[in-house]
Amino acid sequence: MAAAGGRAVTLLRVMLGVRQLGPTAAREWGARLSSLFDCQRRCVSCFAGAAFSGPRLASASRHHGQSSALDCFLGLSQPDSSLTSRPPGVSMHRDEQDLLLVHRPDMPENPRVLRVVLLGAPNAGKSTLSNQLLGRKVFPVSKKVHTTRCQALGVITEKEAQVILLDTPGLISPVKQKRHHLELSLLEDPWKSMESADLVVVLVDVSDKWTRNQLSPQVLQCLTQFSQVPSVLVMNKVDCLKQKSVLLELTAALTEGVVNGKELKMRQALRSQPGTPCPSPAAKGPNTQSVGGPQRIGWPHFREIFMLSALSQEDVKTLKHYLLAQARPGPWEFHSGVLTSQTPEEICANIIREKLLEHLPQEMPYSVQQRTVMWEEGPSGELVIEQKLLVPKESHVRILIGPKGHLISQIAQEVSRDLMDIFLCDVRLRLIVKLLK
């Protein structure tokens with residue numbers, strides 16, 4: 001079966017020119033990420049221990065390194081061109097972040113730009129993919145749905161190309177938005193993003209047997225309404241598939257047998273795979289709705305297909321190179337030192353909410369209210385944060401604190417580690433759990 005699956009993937013790549021690197025085993029990427037974080041923690045600890053002086057703007061290097069973009073355009077330091085490009089950090093100070101966002105872009109002579117919208121059902125892996133493309137974790141990620149509550153923006157800048165990523169909430173129906181009392185932004189933001197998009201990346205979780213056989217009606221409706229915007233398909237979480245031959249069936253269904261204007265000879269390819277059922281692009285699922293006329297389950301206008309694991313840096317690199325290559329001639333929108341448009345406080349609140357979703361049971365994390373009561377720079381340049389977590393029930397207080405305070409301590413430690421990698425400084429975070437009155 002494994003050999004048959006390998007032949008299936010090979011056939012698919014030949015037919016489609018699919019831009020895929022082999023799925024990376026969980027142990028491999030886990031070890032790689034662990035090694036990366038260990039290295040970053042050691043570097044950050046050494047860096048934060050140095051002594052600094054001078055006014056805040058004149059000492060931006062203490063937060064972003066000696067070659068920070070903020071220092072560069074202030075004329076305080078010059079980058080070392082011999083160093084490999086690394087994604088910039090985010091300032092812990094809102095005024096520095098705001099200054100960087102409004103500063104005139106330091107674009108080259110022939111700049112290129114591309115605005116990319118990531119669309120998909122809730123929990124398809126959009127934020128995970130965005131973080132991997134950016135090179136730093138600036139968007140919250142959780143196994144629970146609706147982790148991303150509103151549109152967030154990330155920026156990739158390499159050489160003359162700038163790619164602006166719009167990480168949207170998972171597309172939901174108005175019925176679900178009302179039923180679960182979700183923010184209106186979950187319903188509206190994906191549609192607003194499409195109005196300024198140059199390219200749409202549609203994510204499908206191929207490990208979810210219940211939803212992977214068709215695009216959601218909301219995604220199809222969005223693609224139909226903005227059919228003039230080029231789109232590509234990303235089949236995510238392929239590392240979770242035991243039988244890779246399933247990718248053939250899914251490709252036929254999700255593209256209706258057409259990619260980049262060319263009809264796929266999928267039936268002939270599948271015929272060579274013993275025991276593999278032949279897909280029917282016209283098949284109708286139970287949740288299929290009429291979108292712009294005939295009922296459909298796929299989109300026949302994708303220009304490219306990528307099969308990857310968003311957790312794998314190597315897999316995502318192929319997609320990143322493609323996006324940079326698609327950038328069109330035009331002025332940059334941001335300085336090269338901008339990584340995200342979020343404020344430092346928003347990043348912190350989102351990472352805390354991610355950990356709450358990860359550690360708390362069922363619907364409980366959705367009822368937690370967050371209030372930042374302290375955000376200041378400590379005497380050694382560290383970031384000191386204090387945030388209150390307000391919960392509606394006494395039982396929730398006990399659950400969130402955990403036995404002997406272990407759970408809330410673990411959440412604070414995990415958040416601090418993530419924020420250190422974003423702000424490039426030591427972080428001291430205190431979380432206080434209170435009953436909402």
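Please read all numbers here as calculations on a predicted model, not as lab measurements.
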Taken in chain and number order and not counting sequence neighbours, the residues that satisfy side-chain contact (heavy atoms from CB on, under 4.5 Å) with Met107 are Pro111, Pro331, Trp332
Please tabulate, for side-chain N and O atoms in residues 383-393, each donor-acceptor pair with protein atoms closer than 3.5 Å (sequence neighbours left out).
from, atom 1, to, atom 2, distance (Å)
Gln387, OE1, Gln370, NE2, 2.8
Gln387, NE2, Thr372, OG1, 3.0

Just by distance, do the side chain of Ser409 and the backbone of Gly405 share a donor-acceptor pair under 3.5 Å? no
Going by salt bridge (Lys or Arg N to Asp or Glu O under 4.0 Å), name the residues that satisfy it together with Arg303, two or more places apart in sequence or in a different chain. none
Not counting sequence neighbours, which residues clear side-chain hydrogen bond (donor to acceptor under 3.5 Å, both in side chains) with Thr157? List them please. Gln162
Residue pairs fulfilling salt bridge (charged side-chain N to carboxylate O under 4.0 Å, His left out) with at least one residue in residues 337-352, sequence neighbours excluded: Arg94-Glu345
With rounding to the nearest 0.5 angstrom, report the OG to NE2 distance, Ser336 to His103. 10.5 Å
Mind checking whether Val155 and Thr340 have side chains closer than 4.5 Å, heavy atoms only? no
Can you name the closest pair of heavy atoms from Ile399 and Leu360 and give their distance? CG2-CD2, 4.3 Å
For Ser130 and Leu118 the tightest heavy-atom approach is OG-CD2, 3.4 Å
Kindly compute the distance separating CD (Glu354) from NE2 (His359), expressed to the nearest 0.5 Å. 9.0 Å
Do Arg430 and Val373 come close enough that some side-chain heavy atom pair is under 4.5 Å? no
State, with a plain yes or no, whether a side-chain heavy atom of Leu308 is found less than 4.5 Å away from one of Thr318. no
Got a sec, which residues hit ring-ring contact (aromatic ring centres under 6.0 Å, His included) with His301, two or more places apart in sequence or on another chain? Trp299
Considering residues at least two apart in sequence or located in another chain, which fulfil the salt bridge (Lys or Arg N to Asp or Glu O under 4.0 Å) criterion with Arg398? none
side-chain contact (heavy atoms from CB on, under 4.5 Å) between Leu99 and Asp95, worked out: CA-CA 6 Å; Leu99 177 61; Asp95 55 355; over 6 Å; no
All salt bridge (Lys or Arg N to Asp or Glu O under 4.0 Å) counterparts of Arg212, not counting sequence neighbours: none
To the nearest 0.5 Å, what is the distance between CD1 on Ile422 and NZ on Lys137? 8.0 Å
Determine the minimum heavy-atom distance between Leu250 and Met235, stating which atoms define it. CB-CE, 3.7 Å
Could you work out, with side-chain hydrogen bond (donor to acceptor under 3.5 Å, both in side chains) as the rule, every residue matching Asp208, not counting sequence neighbours? Thr211
Do the non-hydrogen side-chain atoms of Gln326 and Val116 ever get within less than 4.5 Å of each other? no
Go through the side-chain N and O atoms of Ser309 and Asp315 and say whether any donor and acceptor fall under 3.5 Å apart. no
Tell me whether Arg353 contacts the main-chain N or O of Pro140 through its side chain, where contact means a donor paired with an acceptor under 3.5 Å. no
Show the numbers, then the answer: is there a side-chain hydrogen bond (donor to acceptor under 3.5 Å, both in side chains) between Gln221 and Gln225? CA-CA 6 Å; Gln221 186 178 357; Gln225 183 166 332; 5.0 Å; no
Check whether any side-chain heavy atom of Gln342 lies under 4.5 Å from a side-chain heavy atom of Phe139, and answer yes or no. yes
What's the shortest heavy-atom distance between Leu233 and Phe302, and which atoms? N-CD2, 3.6 Å
Distance-minimising heavy-atom pair for Met92 and Trp375: O-NE1, 2.9 Å
Partners passing side-chain hydrogen bond (donor to acceptor under 3.5 Å, both in side chains) against Glu358 (at least two apart in sequence or in another chain): none
List the residues meeting salt bridge (Lys or Arg N to Asp or Glu O under 4.0 Å) with Glu333, not counting sequence neighbours, and say none if there are none. Arg115
Nearest 0.5 Å, please: how far is CG in Leu199 from CG in Leu114? 5.5 Å
If the condition is side-chain hydrogen bond (donor to acceptor under 3.5 Å, both in side chains), which residues does Ser207 pass it with, not counting sequence neighbours? Asp205
